[in-house]
Amino acid sequence: MAAAGWPLSSSVADLLPASLSLTLLLASLVVVVVLGAAAFFFEHIRKIGCTHSLERTEVSAAFFEDPNSLNKVRCPSIYDPAEKYISLIIPAYNEEHRLPEALTETLNYLKQRSAVEKSFTYEVLIVDDGSTDHTSKVAFEFVRKHKIDNVRVLLLGRNHGKGEAVRKGMLHSRGELLLMLDADGATKVTDLEKLEAQVRALAKKAESSLAPSNSPSQRLSDAEIAVFGSRAHLEKQALATRKWYRNFLMKGFHLVVLLTAGPGIRDTQCGFKMFTRAAARKLFTNIRLKRWCFDVELVYLCKHLRIPMAEVSVNWTEIPGSKVRMTSILHMVFELLLIKVGYGLSIWKIYS
């Protein structure tokens, strides 16, 4: 029996070194791929940090074009004193069809309110993020109609991403309050009054707790406050109408957001957010992400810069033409990982 079994034992012995070699080869390849991916990832984080350092120190040569006079108007800086009560920043990428209705509704509200409240001065800043359609042409028609003191168009030249468009708009705005809102008009512009009331409430609370009673009142633009519009109250309705896999992906995304930025803001992705000038100065000179998850980074920065935050429910309607795709979720998760590693390992510095 032993002799009969000997050829089988010999065959197994001959196969072991080959399988072991294959295993070692595969393990080596996995290690090389993982190390290569890690090196690429950390180099990407480093490059983002280097780019941000240059952007913080560069002197902006940006300007607005006045289609009425054909003159160039210098872009103001977030470091300049406020000249308006409120600035509305609208990032726009290929929005020639959705922008006109949203702008008309927005400007009608602003004109009506400014007629009643003389201190309510405003500007609307449309940031064309490298559109390939007629978005800029549509926007300039509104400049012609409402004059460049009230409506301005900032052309970025090429597509950078929504986060960069919002950042540029914030850094070149003139308001005491700065509101970002989407070009599709999904959120009713009148809801800015809800965010405005919350900003004032937080400013009053901060002033009463920090300043002596005989000291002069702090200007609203000097308080550091961020208020986030929220659709969280609509979540049950959305879950009932969406496809199951979209609900699964969104629940997973919210979990990753919670692990990245921590609790506090339930709906980080609503495109309706208000900042005081002082808060915007700190946040948008620190922000690094240029596309999907800059909203989450704002929450992260608010916590680390100790800027008071609040979340306010807003009216929201889904408008056809969303640019979010299934692949966008993967990009979002990648950006959340950038936040966690970039700030967690102190590769990205936060400037106060």
Side-chain angles (χ1 to χ4, degrees), residues 41-56 78 89 91 93 127 129 156 159-171 173 178-182 195 224-232 250 252-311 323-324 328-352:
F41 182 71
F42 282 104
E43 177 63 14
H44 185 62
I45 293 177
R46 189 192 67 81
K47 283 184 177 179
I48 291 175
C50 291
T51 302
H52 175 260
S53 296
L54 292 173
E55 288 172 345
R56 278 181 57 85
I78 192 70
I89 294 90
Y93 175 65
V127 186
D129 187 24
L156 297 191
N159 180 252
H160 294 270
K162 182 181 178 181
E164 179 66 0
V166 171
R167 187 184 78 89
K168 287 286 190 182
M170 290 284 175
L171 295 181
S173 297
L178 288 78
L179 174 74
M180 60 165 278
L181 65 164
D182 289 337
L195 276 63
E224 295 179 358
I225 297 166
V227 178
F228 296 77
S230 175
R231 304 159 298 180
M250 289 310 298
F253 176 74
H254 289 154
L255 176 61
V256 178
V257 168
L258 182 65
L259 294 173
T260 303
I265 301 297
R266 293 173 62 195
D267 181 11
T268 59
Q269 302 308 110
C270 181
F272 202 75
K273 298 178 174 66
M274 182 177 286
F275 309 91
T276 58
R277 192 170 187 81
R281 186 183 302 124
K282 279 191 176 182
L283 293 170
F284 289 95
T285 53
N286 270 296
I287 196 168
R288 290 165 170 85
L289 296 184
K290 299 181 183 297
R291 293 196 177 273
W292 299 108
C293 287
F294 76 98
D295 310 79
V296 181
E297 188 180 6
L298 286 172
V299 174
Y300 187 95
L301 289 170
C302 280
K303 289 186 175 183
H304 285 263
L305 290 167
R306 296 183 179 179
I307 294 174
M309 294 182 294
E311 191 171 15
K323 296 178 178 64
V324 180
S328 304
I329 301 293
L330 295 176
H331 197 158
M332 289 178 184
V333 172
F334 178 72
E335 289 194 342
L336 291 175
L337 188 59
L338 289 176
I339 295 174
K340 195 68 175 177
V341 176
Y343 289 115
L345 298 181
S346 299
I347 300 173
W348 294 350
K349 305 296 182 184
I350 299 177
Y351 302 91
S352 58

Show every donor-acceptor pair shorter than 3.5 Å between a side-chain atom in residues 294-305 and any protein atom, with sequence neighbours excluded, or say none if there are none.
{"unit_1": "D295", "atom_1": "OD2", "unit_2": "K273", "atom_2": "NZ", "d": "2.8"}
{"unit_1": "E297", "atom_1": "OE1", "unit_2": "R288", "atom_2": "N", "d": "3.2"}
{"unit_1": "E297", "atom_1": "OE1", "unit_2": "L289", "atom_2": "N", "d": "2.9"}
{"unit_1": "E297", "atom_1": "OE2", "unit_2": "R288", "atom_2": "N", "d": "3.0"}
{"unit_1": "E297", "atom_1": "OE2", "unit_2": "Y343", "atom_2": "OH", "d": "2.5"}
{"unit_1": "Y300", "atom_1": "OH", "unit_2": "H304", "atom_2": "NE2", "d": "3.3"}
{"unit_1": "K303", "atom_1": "NZ", "unit_2": "A261", "atom_2": "O", "d": "2.8"}
{"unit_1": "K303", "atom_1": "NZ", "unit_2": "G262", "atom_2": "O", "d": "3.4"}
{"unit_1": "K303", "atom_1": "NZ", "unit_2": "P263", "atom_2": "O", "d": "2.3"}

Side-chain heavy-atom pair [X], [Y] within 4.5 angstrom cut-off:
{"X": "R281", "Y": "E224", "answer": "no"}
{"X": "R167", "Y": "I89", "answer": "no"}
{"X": "F228", "Y": "D267", "answer": "no"}
{"X": "F272", "Y": "D182", "answer": "no"}
{"X": "F275", "Y": "M170", "answer": "yes"}
{"X": "Y351", "Y": "T285", "answer": "no"}
{"X": "F284", "Y": "I78", "answer": "no"}
{"X": "V127", "Y": "L156", "answer": "yes"}

Might you point out which heavy atoms bring [X] and [Y] nearest each other, and give the distance in Å?
{"X": "V227", "Y": "I225", "result": "CG2-CG2, 4.0 Å"}
{"X": "L178", "Y": "S173", "result": "CD2-CB, 3.6 Å"}
{"X": "P91", "Y": "A165", "result": "CB-CB, 3.8 Å"}

Salt bridge between R266 and E311, side-chain N to carboxylate O under 4.0 Å?
->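 No.
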
Would you give the length of the straight line joining atom [atom1] of [X] to atom [atom2] of [Y], rounded to the nearest 0.5 angstrom?
{"X": "E335", "Y": "I339", "atom1": "CD", "atom2": "CD1", "result": "7.5 Å"}
{"X": "K282", "Y": "I287", "atom1": "NZ", "atom2": "CD1", "result": "15.5 Å"}
{"X": "T276", "Y": "I307", "atom1": "OG1", "atom2": "CD1", "result": "7.5 Å"}
{"X": "C293", "Y": "H331", "atom1": "SG", "atom2": "NE2", "result": "8.0 Å"}
{"X": "L338", "Y": "I48", "atom1": "CG", "atom2": "CD1", "result": "5.0 Å"}

Kindly indicate, with the supporting measurements, whether the criterion salt bridge (Lys or Arg N to Asp or Glu O under 4.0 Å) is fulfilled by K168 and D129.
-> CA-CA 10 Å; K168 287 286 190 182; D129 187 24; over 6 Å; no

Does R291 use its side chain to pair, donor to acceptor, with the backbone of K162 at less than 3.5 Å?
->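 Judged by distance alone, no pair lies under 3.5 Å.
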
Checking W348 side chain against I45 main chain: does a donor-acceptor pair fall under 3.5 Å?
->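 Between the backbone of I45 and the side chain of W348 there is a qualifying donor-acceptor contact (under 3.5 Å).
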
Sole residue of R46, H52, K47 in side-chain contact (heavy atoms from CB on, under 4.5 Å) with C50 |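 Exactly one candidate clears the test, R46.
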
